[in-house]
Amino acid sequence: MTTLCYAKKTCSIGIHVLLEEIGMPYDLRIVDFSKGEQKTPEYKALNPKGKVAALVREDGSVLTEFAAIAIWLAMTNPDKKLMPTDPEGVARTIETMDFIIGTVHMLSWRLWRRPEAYSDSPAEHDQLRTRGKTAMLAALDLVDEQLAGKDYLMGDFSIADTALYYNEYWAVDVAGWTLPPNVQAHFERMKARPSVQSSRKLEGVA
Ligand SMILES: N[C@@H](CCC(=O)N[C@@H](CS)C(=O)NCC(=O)O)C(=O)O
């Protein structure tokens with residue numbers, strides 16, 4: 001069966017939401033970061049990057065990187081209409097996800113969440129965290145503009161919304177920040193979806 005290697009409070013929650021949206025049978029393999037399980041030889045044999053999300057598919061092959069997993073799930077479940085299929089729509093979906101994963105998550109959130117990855121000097125960590133927060137909220141302001149007049153990033157619900165959701169979850173439920181208005185409305189819309197409710201139950205948040 002398809003298995004999602006998952007860790008709490010990580011980007012893998014977005015893939016969990018997608019699997020719930022699809023409604024396909026899947027297993028969850030919890031990778032406990034508090035025990036460093038992502039760096040064990042056993043896990044690295046499965047994903048040498050030592051990261052989640054990783055999707056172990058029916059044939060045993062492993063797919064990593066959020067965007068790749070999301071696009072593969074959307075394309076292999078076309079009836080679920082999880083992304084546009086016209087060239088412009090495909091390109092815009094990838095453009096949006098690349099910005100959310102590359103800039104909102106990797107360049108901004110990670111700086112706030114993991115300042116020790118950028119400086120060995122604890123004295124610098126507060127400044128790095130401040131930079132990360134400022135960068136993330138500035139990036140979300142651009143997402144806010146993209147959401148103006150729309151319920152979802154691509155118009156209809158798509159894989160890009162699940163990428164945005166995990167960042168919203170981090171900003172609000174983990175960090176306690178205030179989102180820009182359209183992003184906040186999107187977050188509320190996401191929380192009304194049964195797939196996100198399953199994810200929030202697993203995360204232990206209301
Ligand atoms: N670019 C990767 C990012 C994956 C990533 O950074 N995952 C984090 C959790 S959000 C992780 O597994 N970190 C492992 C660690 O911090 O040791 C993707 O899109 O999937």
Side-chain angles (χ1 to χ4, degrees), residues 2-22 26 28-57 61-76 82-83 90 93-120 122 125 128-129 131-133 135-136 139-140 143 153 158-175 177 187 190 196 199-200 202-205:
T2 300
T3 301
L4 172 63
C5 300
Y6 169 98
K8 285 199 165 193
K9 289 189 184 166
T10 70
C11 53
S12 59
I13 69 170
I15 302 296
H16 179 227
V17 169
L18 270 179
L19 289 169
E20 287 287 317
E21 286 284 340
I22 292 166
Y26 66 91
L28 274 183
R29 171 177 169 172
I30 303 288
V31 183
D32 189 342
F33 278 19
S34 71
K35 295 185 184 149
E37 280 179 5
Q38 75 276 31
K39 304 294 181 207
T40 58
E42 188 210 357
Y43 185 69
K44 280 192 150 182
L46 189 148
N47 179 8
K49 294 172 185 164
K51 305 225 174 218
V52 294
L55 194 72
V56 186
R57 298 176 291 182
S61 63
V62 179
L63 191 60
T64 62
E65 300 296 324
F66 189 103
I69 298 169
I71 290 170
W72 183 81
L73 284 172
M75 291 184 75
T76 51
L82 289 169
M83 64 183 284
V90 170
T93 306
I94 294 172
E95 177 186 46
T96 301
M97 279 204 298
D98 197 25
F99 182 70
I100 291 170
I101 298 163
T103 299
V104 180
H105 166 186
M106 301 301 299
L107 288 176
S108 307
W109 173 258
R110 191 166 190 269
L111 196 51
W112 184 82
R113 184 78 170 161
R114 298 280 314 277
E116 73 281 2
Y118 300 89
S119 166
D120 292 332
H125 291 176
L128 290 171
R129 283 166 72 91
R131 280 192 185 195
K133 178 180 178 180
M136 181 147 167
L140 286 173
V143 177
L153 285 161
S158 78
I159 52 178
D161 296 295
T162 67
L164 181 54
Y165 169 70
Y166 76 73
N167 284 279
E168 294 167 338
Y169 166 65
W170 283 341
V172 175
D173 295 301
V174 179
W177 301 336
F187 183 44
M190 290 297 287
V196 173
S199 162
R200 294 180 71 80
L202 185 65
E203 290 291 305
V205 287

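One-based numbering, in listed order, for ligands and for the atoms of each. Counting from 1, the numbers follow the sequence of the chain as shown.
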For the pair Lys39 and Glu37, find out whether any cationic side-chain nitrogen is under 4.0 Å from an anionic carboxylate oxygen. no

Heavy atoms only: which of Phe66, Trp170, Phe33 is nearest to atom 11 (C) of ligand 1? Phe33

Per-atom filter on ligand 1: closer than 4.0 angstrom to a heavy atom of Ile101 are 19 (O)

Under 4.5 Å between any side-chain heavy atoms of Tyr169 and Glu203, yes or no? yes

Which residue supplies the protein heavy atom nearest to atom 17 (O) of ligand 1, what is that atom called, and how far is it? Gln38 NE2, 2.9 Å

Under 4.0 Å from any heavy atom of Lys39, which atoms of ligand 1 are there? 17 (O)

Backbone or side chain, does any N or O of Arg114 fall under 3.5 Å from an N or O of ligand 1? yes

Heavy-atom contacts with Gly50 under 4.0 Å: which atoms of ligand 1 show up? List them by number with element. 14 (C)

Under the side chain to side chain contact (heavy atoms under 4.5 Å, CB included) test against Thr96, which residue among Leu153, Asp161, Ile159, Leu164 passes? Leu153

Is there side-chain contact between Trp170 and Arg113, with heavy atoms separated by less than 4.5 Å? no

Ligand 1 to Thr10 polar contact by distance, N or O atoms, under 3.5 Å: no

Between Arg110 and Tyr118, does the side chain to side chain donor-acceptor pair (under 3.5 Å) criterion hold? Intermediate values first, please. CA-CA 10 Å; Arg110 191 166 190 269; Tyr118 300 89; 3.1 Å; yes

Donor-acceptor contacts, no H, no angles, side chain residues 11-18, under 3.5 Å, sequence neighbours left out:
unit_1: Ser12; atom_1: OG; unit_2: Ala7; atom_2: N; d: 3.1
unit_1: Ser12; atom_1: OG; unit_2: Ala7; atom_2: O; d: 3.3
unit_1: Ser12; atom_1: OG; unit_2: Thr10; atom_2: OG1; d: 2.6
unit_1: His16; atom_1: NE2; unit_2: Tyr26; atom_2: OH; d: 3.0

Does the side chain of Arg57 reach to within under 4.5 Å of the side chain of Trp72, using non-hydrogen atoms? yes

Ligand 1 versus Val52, non-hydrogen atoms closer than 4.0 Å: side chain, backbone, both, neither? both

For atom 1 (N) of ligand 1, the closest protein heavy atom turns out to be Glu65 OE1, 2.8 Å

Check whether any side-chain heavy atom of Asn47 sits under 4.5 Å from a side-chain heavy atom of Cys5, and report yes or no. no

What residue and heavy atom of the protein are closest to atom 6 (O) of ligand 1, and at what distance? Lys51 CD, 3.5 Å

Test item, Met106 contacting ligand 1 (heavy atom, 4.0 angstrom): yes

